[in-house]
Number of protein chains: 2
Amino acid sequence: MSHLINISEAASLALHGLAIVAQNSPNKVNVKYLAEKLDASEAHLAKIFQRLNKSGIIRSFRGPKGGFVLNKPAKEISFLDIYEIVESKIILNDCPLHKTGCPFENCIFGNALKNISKNLYESFKYIKLSNFNE
Amino acid sequence: MSHLINISEAASLALHGLAIVAQNSPNKVNVKYLAEKLDASEAHLAKIFQRLNKSGIIRSFRGPKGGFVLNKPAKEISFLDIYEIVESKIILNDCPLHKTGCPFENCIFGNALKNISKNLYESFKYIKLSNFNE
DNA sequence: CCTATTTCGGTATTTGAGCACCAGAATAAA
DNA sequence: TTTATTCTGGTGCTCAAATACCGAAATAGG
């Protein structure tokens, strides 16, 4: 039982959480609220938002009435940006045996995987936080 | 550090291993030979080929001069077939929060993920064992 | 038969991601 | 200045997937 595309729950929570932050702009949104809305663990969300904060995509405020706000317009934040922050670095797929040494001169994968994952990469660029309306 | 597309080393070894089997047809190919060619663990390859055998895609022969042969033409074996055997079942990606409950009526993902992974699925169908030439 | 070879299949181990916990630091409000 | 609230960041746990191990079963060849 496997998904074709690698999207961790963390990446998904980051995206949805940020969508909520965008929605509530310019008010701050705190982890507790996000956890309720997303039916997720506070601890886990807190960790994810720490990373997002460090990346500069959001700003954080401690203390009572604290929380998070976007640090740039929602139109300028893509799923690719978020994905890259949460999953550290994106690698376009190639023949998975290339490191250990694919035995074939003309690998059966050809450029198929590279092309496909390049498409995927471009698609992720087009999903923006501002796509969301409710 | 994350790959966009989920391809385990097992799936990759299965594909490359089968390509070697196809190449040597109609002779049998054993695990030891495959392990050398692919610079991989015998134990791991053995397990993978057990699964492939059970699925009917190959036939196995025990004992001296034993090994594996394809059980159908290379043209009729796609990467999708192999992937599904090794990874058990493919799930097309959708909003990863749909199970626990995406909070948005119009999910930010829309049908994007579903469409993208459907494309991926179709692409995997077109990579056949017979694509390989050397 | 007997032996060497090879797959079979159950089980054990490893590893890494996902997730949780908790004490500490910052800050708003009274 | 005190208290309650909220993020911070280090560490520790958990669990499933990936991988390894090993004795058993099959069989080809002599």
Pull out every protein N or O sitting under 3.5 Å from an N or O of nucleotides 10-15 of chain C, one pair per line with the distance.
{"from": "C:dG10", "atom 1": "O6", "to": "B:Lys47", "atom 2": "NZ", "distance (Å)": "2.5"}

Whole-Å gap separating [atom2] ([N]) and [atom1] ([X]):
{"X": "A:Glu9", "N": "C:dA17", "atom1": "CD", "atom2": "P", "value": "16 Å"}
{"X": "A:Glu42", "N": "D:dT5", "atom1": "CD", "atom2": "P", "value": "13 Å"}
{"X": "A:Ile48", "N": "D:dG9", "atom1": "CD1", "atom2": "C1'", "value": "15 Å"}
{"X": "A:Leu45", "N": "D:dT6", "atom1": "CG", "atom2": "C1'", "value": "14 Å"}
{"X": "B:Asn30", "N": "D:dT27", "atom1": "CG", "atom2": "P", "value": "16 Å"}
{"X": "B:His44", "N": "C:dC8", "atom1": "NE2", "atom2": "C1'", "value": "16 Å"}
{"X": "B:His3", "N": "D:dA18", "atom1": "NE2", "atom2": "P", "value": "14 Å"}
{"X": "A:Leu34", "N": "D:dT6", "atom1": "CG", "atom2": "P", "value": "12 Å"}

Legend entry - With A:Lys75 via salt bridge (charged side-chain N to carboxylate O under 4.0 Å, His left out) - residues at least two apart: none

Legend entry - Residues forming a salt bridge (charged side-chain N to carboxylate O under 4.0 Å, His left out) with B:Lys114, sequence neighbours excluded: B:Asp94

Inset, instruction - May I ask you to verify if any side-chain N or O of A:Ser41 is less than 4.0 angstrom from the OP1 or OP2 atom of C:dA20? - result: yes

Inset, instruction - Please check the phosphate of D:dT6 (OP1 and OP2 only) for any side-chain N or O of A:Ser60 closer than 4.0 Å. - result: no

Inset, instruction - With the side chain counted from C-beta on, respond yes when A:Ile5 and B:Ile116 share a heavy-atom pair under 4.5 Å apart, and no when they do not. - result: yes

Inset, instruction - Return each pair, listed once, that meets ring pair (Phe, Tyr, Trp, His ring centres under 6.0 Å) where at least one residue sits in residues 34-77 of chain A; pairs must be two or more places apart or across chains. - result: A:Phe49-A:Phe68

Inset, instruction - Please answer whether the main-chain N or O of B:Leu120 pairs with a side-chain N or O of B:Ser117 as donor and acceptor at a distance below 3.5 Å. - result: no

Inset, instruction - Could you identify which residues cluster with B:Tyr126, counting Ile, Leu, Val, Met, Phe, Trp and Tyr as linked when any side-chain heavy atoms lie under 4.5 Å apart, either directly or through a chain of such contacts? - result: none

Nucleotide N/O to protein N/O under 3.5 Å, stretch nucleotides 26-30 of chain C:
{"from": "C:dA26", "atom 1": "O4'", "to": "A:Arg62", "atom 2": "NH1", "distance (Å)": "2.9"}

